[in-house]
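To keep things clear, I will list the structure first and then write my remarks on it.
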Protein chains: 2
Amino acid sequence: MSASMMQERKSGPALARPPQTARPEVQPVLSFAPDETIFREGGEARWMYKLVDGLVRGCRFHADGRRQIEVFHKPGDVFGFEPGLEYGLSAEAVTACTVLRLARPDLARDPHAAVRLCGYAMRALAAAQAHARLLGRGSAGQRLAGFLLDLQAEPRQELMELPMTRQDIADYLGLTIETISRTLGQFVRQGMLHLVTARKLRILDREGLAALCG
Amino acid sequence: MSASMMQERKSGPALARPPQTARPEVQPVLSFAPDETIFREGGEARWMYKLVDGLVRGCRFHADGRRQIEVFHKPGDVFGFEPGLEYGLSAEAVTACTVLRLARPDLARDPHAAVRLCGYAMRALAAAQAHARLLGRGSAGQRLAGFLLDLQAEPRQELMELPMTRQDIADYLGLTIETISRTLGQFVRQGMLHLVTARKLRILDREGLAALCG
DNA sequence: CGAATGGTTGATTGTGATCAATTCCCGTGG
DNA sequence: CCACGGGAATTGATCACAATCAACCATTCG
């Protein structure tokens, strides 16, 4: 029973604002507050979502109480398409989020939509494989270094903000928050990065980090 | 530098038999001997493949010499489709294999093919996520139990053969061969399975194994 | 200002990696 | 058919790294 369980739903006081138009079928733009659930694993997969702004985690809750984050969705990503009838993962807002709600295309009727969907699926596949690569082996340092480099896609933007908590990172990398903290500290001591605050950091030695992950 | 490096290519003495017909473009059926490479990571992704018989591993080789297996393909699986121009993974025959070589569909020209491709991609995505779930966390026992249960898709066929080596399993689960061996031994001692030979086993307590993975 | 949440740090333990021998298969050739 | 050889697998001893348990800081928010 890990600290992951503490990640409680805050669904009580109506955090989900209604669509920002009177005709939801025309502008299905939704907003979600941090830690709010967009959809749940096992629920009927009626909609797909396109993330406009914010960060979303795709995760799964295990019987023993631990949580596993399988993917972080960034703006532009489409998520929630499934081979079957049910969502395979829960989707939750990490930060405040704006999403577009999309109808699942009927592939038999609209084969053209399949081309787009295909692109989404392939990109999701690449991401899932990259994640598996990260987890597959290697020390905490290798995983965390890979994670940080993946996160900073655009290179020259040297100051970067971590939108997620240590617990999120830990559940994504299959480590504990203590190990995340210590490993970050180690990177700092080695002069590879600088922690401005706990959530803002500057990568000083990109090469060095890259050398770690192999 | 792990024992994975010992996994040497045996590409010297022409193991790849030619297509079994005089007109390869009509019946592109290929055979591969164990450990033979079907395609290599980084190579130009000109073809897709459908596995007819045998077992294929999709893997990646790291700079430090270790190997990571990301997926095992079973008969019926289609593999080798990519979002980009290059293969993201190497594909190697684990056992003797028969594969169909397929042309990459031109999605712009043939949107109907996109529907099929979409199905393949979604199935591959599900597999990749299942793999990430397996790796994400949990003890060696949890990983191995999950692996064995996944492997035995058809339930009542109680005697099952492991087509791959311990090294393959280790590289798939992010563990070492010693740990695989010890964990299997532990399962045997707990009466959960019986090892007829190193490669043939019988699951005695399916429930127990399932209870482990969570 | 005080509570709460998130993050860091320290001490200890446990699990799996590593190093090192054997043993077991299984195919091969005498 | 049996002996042999070599890769695969098991087993043992030790070590290293990350999990766990437990305080302790720092920020934010009411």
Atom CG of L144(B) and atom C1' of dT15(C) are separated, to the nearest Å, by 15 Å

Nucleotides 11-19 of chain D: protein proximity per nucleotide (B base, S sugar-phosphate only, - neither; heavy atom, under 4.0 Å):
BBB----SS

With sugar-phosphate meaning primed atoms plus P, OP1 and OP2, does L173(A) contact a base, only sugar-phosphate, or nothing at under 4.0 Å between heavy atoms?
nothing

Looking only at side chains, do Q152(A) and R206(A) share a donor and an acceptor under 3.5 Å apart?
yes

To the nearest angstrom, how far is D171(A) atom CG from dG7(C) atom P?
12 Å

Contact class for R143(B) (heavy atom, under 4.0 Å): base, sugar-phosphate, or nothing?
nothing

Give, for atom CD1 of I169(A) and atom CD1 of I177(A), the distance between the pair rounded to the nearest 0.5 Å.
11.0 Å

How many Å lie between NZ on K200(A) and P on dG7(C), as a whole number?
13 Å

Quick check: do R67(A) and D168(A) have side-chain heavy atoms less than 4.5 Å from each other?
yes

Looking at R60(A) and D171(A), is any side-chain nitrogen of the basic one under 4.0 Å from a carboxylate oxygen of the acidic one?
no

Looking only at side-chain N and O atoms, does R199(A) come under 4.0 Å of OP1 or OP2 in dG7(C)?
yes

Pair E161(B) + R199(B): basic N to acidic O under 4.0 Å
no

With K74(B) via salt bridge (charged side-chain N to carboxylate O under 4.0 Å, His left out) - residues at least two apart
none

